[in-house]
Amino acid sequence: MSTTGSKRPAQVSAARRRTVIDALRRGAVPESGLDLLATGLDRFEAALDAELDAVASGGSVFKAVRGEYGSGKTFFTRWLGERAKRRNFAVAEIQVSENETPLHKLETVYRRLTERLSTSSFPPSALRPVVDAWFYALEEDALAAGATEDELPGEVEKLLVARLAEVSRHAPSFATALRGYRAALADGDEATAAAVLAWLGGQPHVAASARRSAGVRGDLDHFGALGFLQGLLTVLRDSGHTGLFVVLDEVETLQRVRSDARDKALNALRQLIDEVHSGRFPGLYLVVTGTPAFYEGQQGVQRLAPLAQRLATDFTTDPRFDNPRAVQIRLPGFTQESLIGLGGTIRDLYADAAVSPERVRTVVDDAYVADLARAVGGALGGKVGVAPRLFLKKLVGDVLDRVDQFDDFDPRQHYKLTVASSELTDVERNLAATVAGGSASADDIDLEL
């Protein structure tokens, strides 16, 4: 990120502050409140907000985000997801992995999407509240059109057929399952209703009796998943949501899977891009994140020429002139200066709720924040780009917490930075090993076999 300071609101609720500080203390990216930490993202705001508005108006967008480890990809996508939620989007963040969520199995990707689906009102999984809100909206529309209570079930059925007409061309079982869910609720059969909704969310191994009662068969497959996604977008729109923001995080893991699975996954990504651009998914904003090696290497995007063509973006110019409207955008990562600026922002956010705010700001002054940032960067071989997570964890948990609780604690006298291997990620651990030993031995690197 750049050195631009964050535009932190003058008043921050105690709950938002606590959510952010608690996450940083654990070394994690906060789930919310990211606008309090955003630095250097101003250059993206206008273009991304325009894209969100276009999706809210019935368009669809695909975006690829590239950045080295530690450059803030997860932070960036969650920050953008928060902006989407403020526009009443539903949001889902999916971690791509070979075992849990293989990208070449779109039925699994869809299942993870429904499991991670959240809205401004409901945490994951928000699938049931969304579906219930959709049926409520259909009932309201039918009543507004003059339907009586006796006519209501039939009129709702007509609206269901009309609203899902396009979806039913590709995935007729989506509408069938919704009817089965509604029928089970009307009969007071909660167990069957929950099972049918689980099937609608792509869950496998749903009881055969529940599937029979709803009139559906088998489990969701790769091709049916796209139709179900189309249906979910329709349900979201009609239940009052402006769109769906989906993140496929860490797609660079595809480089480590078997070649046949990798080729299938890359082709699935190409298929998703084409479907988004074809207009099949109005209301969808789809983001993928990966490292430069994934986008440029022969084990990644370049392995599939049609996919490489779709993601091709010119990054030969000065990063200051990168086009945020392009299909692919890059995050330049932190510099020492921007890391220090972020530390000052966190210090001030923490101090606002401290027992003695002035003591926190005085003891942990800008000079000390800069010294700690340099020390953490040095412990990681001077790689500032991967230092933010560890730096903020140390700043909050080791320094600010102690200054706030102990009147005689002075970090310059009583604290010496220590970095245990157990608290590092794999990337951080390899960098720390390089610093400690001069160079990392092949025996020090764990390989996934």
Keeping the roles fixed (side chain from [X], backbone from [Y]), state whether a donor-acceptor pair exists under 3.5 Å.
X	Y	value
His170	Gly224	no
Thr114	Arg111	yes
Glu139	Val156	no
Arg330	Gly67	no
Arg310	Pro306	yes
Asp35	Trp79	no
Thr289	Glu250	yes
Ser60	Val276	yes
Thr242	Arg87	yes
Glu82	Leu34	yes

Modelled atom types, side-chain donor and acceptor of [X] and [Y], under 3.5 Å:
X	Y	result
Tyr136	Asp141	no
Gln255	Arg262	no
Thr101	Arg112	yes
Gln298	Arg303	no
Ser173	Thr176	no
Asp314	Thr316	yes

List the steps, then state whether side chain to side chain contact (heavy atoms under 4.5 Å, CB included) holds for Leu286 with Lys63.
CA-CA 6 Å; Leu286 178 62; Lys63 206 77 168 180; over 6 Å; no

Report the distance from atom [atom1] of [X] to atom [atom2] of [Y], rounding to the nearest 0.5 Å.
X	Y	atom1	atom2	value
Leu220	Glu107	CG	CD	6.5 Å
Leu143	Thr148	CG	OG1	9.0 Å
Leu24	Thr19	CG	OG1	10.5 Å
Asp322	Thr313	CG	OG1	9.5 Å
Thr108	Asn99	OG1	CG	11.5 Å
Gln309	Ile273	CD	CD1	11.5 Å

Under-4.0 Å salt bridge between [X] and [Y]:
X	Y	answer
Glu93	Arg116	no
Asp398	Lys393	no
Glu296	Arg66	yes
Arg128	Glu190	yes
Arg325	Glu51	no

Given Lys85, which partner from the list Ser118, Ser121, Ser120 fulfils the side chain to side chain donor-acceptor pair (under 3.5 Å) test?
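The residue from Ser118, Ser121, Ser120 that satisfies side chain to side chain donor-acceptor pair (under 3.5 Å) with Lys85 turns out to be Ser118.
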
Apply the side chain to side chain donor-acceptor pair (under 3.5 Å) test between Asp22 and each candidate in Arg18, Arg25, Arg26; give the one that qualifies.
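Per the side chain to side chain donor-acceptor pair (under 3.5 Å) rule, the option paired with Asp22 is Arg25, out of Arg18, Arg25, Arg26.
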
Do the side chains of Arg237 and Leu244 get nearer than 4.5 Å, heavy atoms only?
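Side-chain contact under 4.5 Å: no.
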
Could you tell me whether Tyr285 and Phe62 have their ring centroids closer than 6.0 angstrom?
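Ring-ring flag for Tyr285/Phe62: false, centres at least 6.0 Å apart.
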
Centroid-to-centroid, Phe174 to Phe228, below 6.0 Å?
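So the answer is yes for these two rings.
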
Residues which pass side chain to side chain donor-acceptor pair (under 3.5 Å) with Thr74, listed by chain and number, not counting sequence neighbours:
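Thr74 satisfies side chain to side chain donor-acceptor pair (under 3.5 Å) with Asp249 only.
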
